[in-house]
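The block underneath contains the structure these notes are about, expressed in structure tokens.
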Amino acid sequence: MPQDLLTGLNPEQLRAVTWGRGSALVLAGAGSGKTRVLTTRIAWLIQTGQVSPMGVLAVTFTNKAAREMFTRLSAMLPINTRGMWIGTFHGLCNRLLRAHHRDAGLPQLFQILDAQDQLSAVKRVLKALNVDTEKYEPRKLQAFINANKEAGLRANQIEAYDPYTRRLIEYYAAYDAQCNREGVVDFAELLLRSFELLSRNAMLREHYQERFRHILVDEFQDTSRLQYDWLKLLRAPSNAIFAVGDDDQSIYAFRGANVANMALFQKDMGISEVIKLTQNYRSYGTILDAANAVISHNANRLGKDLWTDAGRGEPIRHYEAATDLDEARFVVEEIQELKREGMAYADIAVLYRSNAQSRVIEHALFSAGIPYRVYGGLRFFERAEIRHALAYLRLTANPEDDNAFLRVVNFPARGVGARTVEAIDAAARAGGVSLWAAACAQGAGKKGLAAFIQLIGQLRQETRDMNLAEQVEHVVARCGLIEYYRGERDGEDRIENLNELTNAASAFAAEAESQDLADFLAHAALEAGEHEAQAGQDAVQLMTVHAAKGLEFMAVFITGLEEALFPHENSLTELDGLEEERRLMYVAITRARKRLYLTHAAQRMLHGQPRYGLPSRFLQELPAELVQSVGGWRGSSDLAPAGAAGPGAPGRAAALPYPVGARVQHPRYGEGVVAGYQGQGAEAEVRVSFPRIGDKWFILEYARLTPC
DNA sequence: AATCAGACCATTTTT
DNA sequence: TGGTCTGATT
């Protein structure tokens with residue numbers, strides 16, 4: 001009964017869950033029970049008979065969030081949630097396009113290109129057109145295509161005012177033509193194609209509009225222009241969209257996310273009043289105050305402050321490291337202390353702005369014998385051996401798949417060299433046929449190629465009557481990859497992964513109740529799998545701040561809080577870049593439940609060069625009373641940064657007007673940090689590092705520096 | 001076909 | 001600094 005569902009909700013949550021007046025925008029702060037609200041609302045709508053399970057469309061950004069929703073919903077309602085339309089934008093579009101492939105102009109078994117596949121497809125297009133890839137870089141073209149598709153634009157809809165862009169448009173068109181020819185779609189195409197399908201086909205559109213009485217959107221601040229338009233297309237005027245998001249956690253603008261959709265949504269739907277979830281169930285007061293203080297420096301906000309009734313908690317700890325090594329040492333020592341106090345390693349996260357920062361910390365953790373896990377490596381379905389195996393599988397399903405063909409025609413090596421492939425490619429282009437067809441036409445003579453053609457044909461035959469897991473197992477066993485990796489030095493792991501692929505297939509078959517190879521391949525593309533996980537192991541979590549979004553930890557270290565690093569220097573030249581960096585800081589702070597450490601290093605090795613950074617402005621934006629300094633190199637004389645003791649440095653530190661790392665003011669360049677000294681006596685020079693300007697050398701005697 | 005040296009580059013990346 | 005990519009070498 002409804003009371004059961006609704007007990008334990010706070011007034012804000014209750015209001016959101018039982019919202020009854022059309023579309024709603026819910027501003028859900030970090031840790032405010034957003035997922036709970038979303039799933040409870042779905043359950044409530046169903047339980048009160050306002051909608052049938054089939055009348056709900058719930059959209060998320062990640063597979064993880066979608067799974068979470070399924071799980072919670074199953075726990076709340078005695079219904080079979082399997083057939084419900086809950087999923088990622090891409091997953092749901094895939095579903096839509098499979099169901100209406102004919103109307104969408106796609107083959108029934110269309111393949112999905114992931115980012116890597118797409119890049120190789122782009123390269124092939126450029127090669128076929130004889131384009132100078134120095135001038136038109138494949139990656140740039142890929143980004144151009146995706147950005148435009150995500151804005152809802154086909155090649156012929158883009159306006160160009162310069163010849164360079166006109167060329168890009170031309171290549172975009174050629175790329176789309178190639179994809180159509182090969183029956184493949186990239187990620188952005190899934191969305192654009194289904195958007196076009198629905199906008200062109202009124203019958204279909206009305207059918208789904210009629211069906212989805214309630215549309216619910218998670219992480220609404222991350223929707224792109226096209227995703228928002230897609231949602232609007234699916235909504236009949238009489239139906240409601242329930243959008244949940246947090247503008248303060250919008251950190252993916254660089255990937256096409258458009259926070260402005262939140263304001264636009266209010267306007268489009270005539271929403272006069274935003275529902276705000278501001279009670280936080282994750283962190284102590286001090287941490288929330290810090291988060292509120294930092295984010296209050298942003299100008300363009302819908303506006304909300306988080307609060308808790310959990311009490312103040314501990315102060316935030318700030319450590320000023322001399323160097324990145326010192327920072328890592330501090331992190332390790334504190335982790336050891338936390339462990340001694342009884343905290344599990346897995347409850348501790350070390351966050352950083354960019355991946356390059358992980359190495360020093362990893363090294364320190366490794367040396368100390370502390371188990372750790374780094375997010376952000378290759379995921380299961382992205383590994384080379386898995387992609388090879390999938391390519392064989394794709395060829396058994398559809399030999400015309402040129403991407404797959406090229407990937408494995410000579411892997412493992414079977415004597416099909418570049419010349420042969422070149423010839424096949426030329427023949428295919430001349431005849432307007434697939435590489436497979438061209439290979440079959442001329443393959444008889446060439447030994448290796450004949451073997452390949454025979455192998456694929458054989459695999460095709462043999463797997464015809466097998467179930468999914470058997471197919472995968474058979475292809476993996478027979479395609480020659482196992483033998484190849486057996487001969488490799490570190491091939492055992494790869495063989496293990498290949499065997500794991502069979503398990504992945506049976507797990508998929510069970511979960512999705514599908515024995516369809518195409519479904520499995522789509523799954524592999526859409527859900528690349530867990531990040532390098534050793535699940536169950538008690539290990540410290542290392543990740544970028546981006547990767548930490550949505551997660552929480554008892555203790556969090558935010559490292560590298562230096563100007564030019566966090567906020568990142570590149571962001572300062574981007575439109576609203578600094579605000580996005582600040583939101584990133586906000587996300588980072590709100591990951592911590594109990595204890596939060598902030599660290600920065602006066603000197604850090606970057607690209608093989610020492611860099612001297614000022615403390616991040618975000619540190620200054622924190623109210624001093626929330627932060628407790630836990631020491632650092634300034635406080636103890638034995639921790640001078642490496643730069644001070646190098647060859648050429650003056651013999652006696654006392655003779656120096658400023659210690660290395662001191663903040664100084666220059667009349668021309670502004671505020672900087674003393675980075676080092678060189679030379680003696682009258683020739684002594686001082687190096688000062690200025691943010692955004694770089695390092696400058698001054699003759700010590702004449703340098704117009706003042707301490708600050 | 002595989003290995004190696006040198007060039008080049010270096011924010012973040014749910015799908 | 002170190003990872004990746006390319007082109008030359010064997």
Side-chain angles (χ1 to χ4, degrees), chain A residues 59-68 87-94 112-118 123 133-134 137-139 142-143 146 149-150 185-192 218-219 221-224 226-227 249-257 324 351-360 363 375-377 379 381-382 410-419 448 484 487-489 522-529 531 543-551 560 564-574 577 580-581 583-585 587-588 604-611:
Chain A
V59 199
T60 64
F61 274 85
T62 65
N63 294 296
K64 199 173 151 203
R67 270 198 303 274
E68 170 87 11
T88 63
F89 278 102
H90 299 267
L92 294 170
C93 287
N94 176 49
I112 298 169
L113 302 183
D114 64 18
Q116 275 183 60
D117 289 329
Q118 186 189 30
K123 284 179 181 164
T133 50
E134 302 275 273
E137 296 163 58
R139 290 196 165 280
Q142 183 184 24
N146 289 151
K149 285 189 178 183
E150 274 156 28
V185 300
D186 57 55
F187 285 145
E189 182 72 21
L190 284 169
L191 282 159
L192 182 52
D218 190 17
E219 305 278 17
Q221 78 282 355
D222 287 340
T223 50
S224 67
L226 178 60
Q227 285 162 340
Q249 292 189 72
S250 167
I251 56 172
Y252 284 105
F254 70 95
R255 266 186 102 268
D324 47 355
L351 309 184
Y352 33 79
R353 173 68 241 265
S354 64
N355 288 113
Q357 289 165 251
S358 76
R359 191 174 303 119
V360 178
H363 182 79
Y375 281 68
R379 297 190 288 178
F381 287 106
E382 292 168 352
N410 196 35
F411 194 95
R414 52 172 71 82
V416 183
R419 305 163 309 283
Y484 173 83
E488 288 282 288
R489 289 177 309 282
H523 165 81
L526 290 173
E527 186 165 5
H531 269 299
M543 66 191 84
T544 62
V545 180
H546 282 90
K549 190 178 156 210
L551 306 177
L565 193 60
F566 195 4
H568 197 277
E569 53 193 339
N570 295 0
S571 73
L572 301 177
T573 56
E574 289 164 6
E580 178 140 325
E581 293 291 302
R583 292 192 290 265
L584 206 45
M585 182 65 183
V587 167
R604 177 183 302 280
M605 292 303 282
L606 201 66
H607 312 327
Q609 299 291 315
R611 289 256 296 223

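Letters go in sequence order (proteins before strands), and every chain restarts at 1.
- Scored by the side chain to side chain donor-acceptor pair (under 3.5 Å) test, A/S354 finds A/Q357 as partners (sequence neighbours excluded).
- B/dT13 and C/dT4 are spaced 15 Å apart, taking the P atom of each and rounding to whole Å.
- The nearest whole Å value for the distance from the CD atom in A/Q249 to the P atom in B/dT14 is 17 Å.
- In this structure, the side-chain contact (heavy atoms from CB on, under 4.5 Å) partners of A/A65, at least two apart in sequence or on a different chain, are A/T60, A/T62, A/D218.
- Contacts of A/A525 classified as side-chain contact (heavy atoms from CB on, under 4.5 Å), with partners at least two apart in sequence or in another chain: A/I112.
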Would you tabulate the nitrogen or oxygen pairs shorter than 3.5 Å linking the protein to nucleotides 1-3 of chain B?
unit_1 : atom_1 : unit_2 : atom_2 : d
B/dA1  : OP1    : A/N410 : ND2    : 3.1

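- Side-chain atoms of A/M605 lie closest to C/dT1 of the nucleotides B/dT15, B/dT14, C/dT1.
- Judged as a side-chain contact (heavy atoms from CB on, under 4.5 Å), and not counting sequence neighbours, the contacts of A/P610 are A/Q603, A/M605, A/Y612.
- Between A/E150 atom CD and B/dT14 atom P the separation is 13 Å, expressed in whole Å.
- Separation of the C1' atoms belonging to C/dT6 and B/dT11 is 25 Å when rounded to the nearest angstrom.
- Remark: C1' of B/dT14 and CG of A/N63 are 9 Å apart, rounded to the nearest angstrom.
- With respect to A/K549 and A/D222, a salt bridge is recorded, a charged nitrogen being found less than 4.0 Å from a carboxylate O.
- The salt bridge (Lys or Arg N to Asp or Glu O under 4.0 Å) check on A/E581 picks up A/R353, with sequence neighbours excluded.
- What separates CG of A/D114 from C1' of B/dT14 is a distance of 15 Å, to the nearest Å.
- A search for ring pair (Phe, Tyr, Trp, His ring centres under 6.0 Å) contacts involving A/H90 returns A/F187, not counting sequence neighbours.
- Among residues two or more places apart in sequence or in another chain, the side chain to side chain donor-acceptor pair (under 3.5 Å) test is passed with A/N355 by none.
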Base-contact (B) and sugar-phosphate-only (S) positions in nucleotides 6-13 of chain B, heavy-atom cut-off under 4.0 Å, - elsewhere: ----BBBB

Which parts of nucleotides 2-10 of chain C does protein reach within less than 4.0 Å, heavy atoms only, written one letter per nucleotide 5' to 3' as B for base, S for sugar-phosphate only and - for none? SS-------

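- Aromatic rings from A/Y375 and A/H546 are positioned such that their centres are separated by 6.0 Å or more.
- Under the side-chain contact (heavy atoms from CB on, under 4.5 Å) criterion, A/Y484 pairs with A/F411, A/P412, A/E488, not counting sequence neighbours.
- Not counting sequence neighbours, the partners of A/F61 by the ring pair (Phe, Tyr, Trp, His ring centres under 6.0 Å) test are A/F89.
- Listed pair A/R379 / B/dT15 meets the phosphate criterion, a side-chain N or O lying under 4.0 Å from OP1 or OP2.
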